[in-house]
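Single-structure report; data block below.
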Amino acid sequence: EKYDLIIVGAGPAGIFTAVALLRHGSKKKILLVEKGKPVEKRHCPKAELGHCVNCRPTCAITTGFSGAGACSDGKLSLSYEVGGDLPSLIGEEFAQELIHYTDKIYLEFGDDPDVEGIYTGEDIKEIRLLAIQNYLADIGVEMLFSTECENIILENEECKGVFIKGPKDEEAHAVYADTVVIGTGRRGADWLEQICAERHIAHKPGPVAIGDRVECR
């Protein structure tokens, strides 16, 4: 199987990689691989049972379309001064431009225009995220859910594809692409670090910001 682009991980990084390309007129054949479930099937039993049951093979809170932030403590930083190393890597002004660009897309798909938000119920959240998921599907992005990326394919120090395993596969199989984007997020950080170490790829884990948050109108 051959694609123009393979994106591993359907969290914010993976989603906006695809959205940005499509918004700029890309005609690339894109495959999005996600080990969790699509938006409409993400459901945590804790809502009914009152306690975690350690769902297997993946947790509905930390995996699935839109990533961990969609169903747990997801929040948007609207200033480059809040968290992360991106401003130091690409410049503060450009980082702020990207934040505005991303926020504008969220608003187009039905996000709450208020910073604090009037209502953040699960039904509203699901409608918004489902709209983005449907947009990608309608425009031709192939999405494989409940599909694990087990390894990357390197040829002459260049990533040419990945080995993936779906729910009906007995063993992992190779898919190839001209470009591979790995966006496994916090949940997949250990896996990615292990892959980099095994393949002698220079890597630097990103920091996790810890602090106090005050919410008010």
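With sequence neighbours left out, the side chain to side chain contact (heavy atoms under 4.5 Å, CB included) criterion links Pro57 to no other residue. Judged as a side chain to side chain contact (heavy atoms under 4.5 Å, CB included), and not counting sequence neighbours, the contacts of Asp4 are Lys28, Lys29, Asp178. Under the ring pair (Phe, Tyr, Trp, His ring centres under 6.0 Å) criterion, Tyr135 pairs with Phe109, sequence neighbours left out. Take Glu34 and apply the side-chain hydrogen bond (donor to acceptor under 3.5 Å, both in side chains) test, not counting sequence neighbours, and it matches no residue. Scored by the side chain to side chain contact (heavy atoms under 4.5 Å, CB included) test, Ala13 finds no partners at all (sequence neighbours excluded). Listed by chain and number, the residues in a side chain to side chain contact (heavy atoms under 4.5 Å, CB included) with Cys52 are Asn54 (sequence neighbours excluded).
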Donor-acceptor contacts, no H, no angles, side chain residues 137-145, under 3.5 Å, sequence neighbours left out:
unit_1: Glu142; atom_1: OE1; unit_2: Tyr3; atom_2: OH; d: 2.8
unit_1: Glu142; atom_1: OE2; unit_2: Tyr3; atom_2: OH; d: 3.3

In a table with atom names and distances, give each donor-acceptor pair under 3.5 Å that connects a side chain of residues 86-94 to protein atoms at least two apart or in another chain.
unit_1: Ser88; atom_1: OG; unit_2: Asp85; atom_2: O; d: 2.6
unit_1: Glu92; atom_1: OE1; unit_2: Tyr80; atom_2: OH; d: 3.2

Compile the donor-acceptor pairs under 3.5 Å between side chains in residues 193-200 and protein atoms, sequence neighbours left out, one pair per line.
unit_1: Gln194; atom_1: NE2; unit_2: Glu198; atom_2: OE2; d: 3.0
unit_1: Arg199; atom_1: NH2; unit_2: Asn151; atom_2: OD1; d: 3.3
unit_1: Arg199; atom_1: NH2; unit_2: Ile152; atom_2: O; d: 3.1

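For Lys46, the NZ atom counts as loosely surrounded, since its 6.0 Å shell holds 12 or fewer non-hydrogen atoms of other residues, nucleotides or ligands.
Residue pairs meeting the salt bridge (Lys or Arg N to Asp or Glu O under 4.0 Å) criterion with at least one member in residues 10-26, sequence neighbours excluded, are Arg23-Glu108. Residues in residues 49-63 take part in no salt bridge (Lys or Arg N to Asp or Glu O under 4.0 Å) pair, two or more places apart or across chains. Applying the side chain to side chain donor-acceptor pair (under 3.5 Å) rule to pairs touching residues 156-171 yields nothing, sequence neighbours excluded.
For the pair Phe65 and Ile15, the minimum side-chain heavy-atom distance is below 4.5 Å.
A side-chain donor-acceptor contact under 3.5 Å links Gln133 to the backbone of Val39.
The aromatic rings of Phe16 and Tyr106 stand perpendicular to each other, their planes meeting at an angle above 60°, with 30° marking the opposite boundary.
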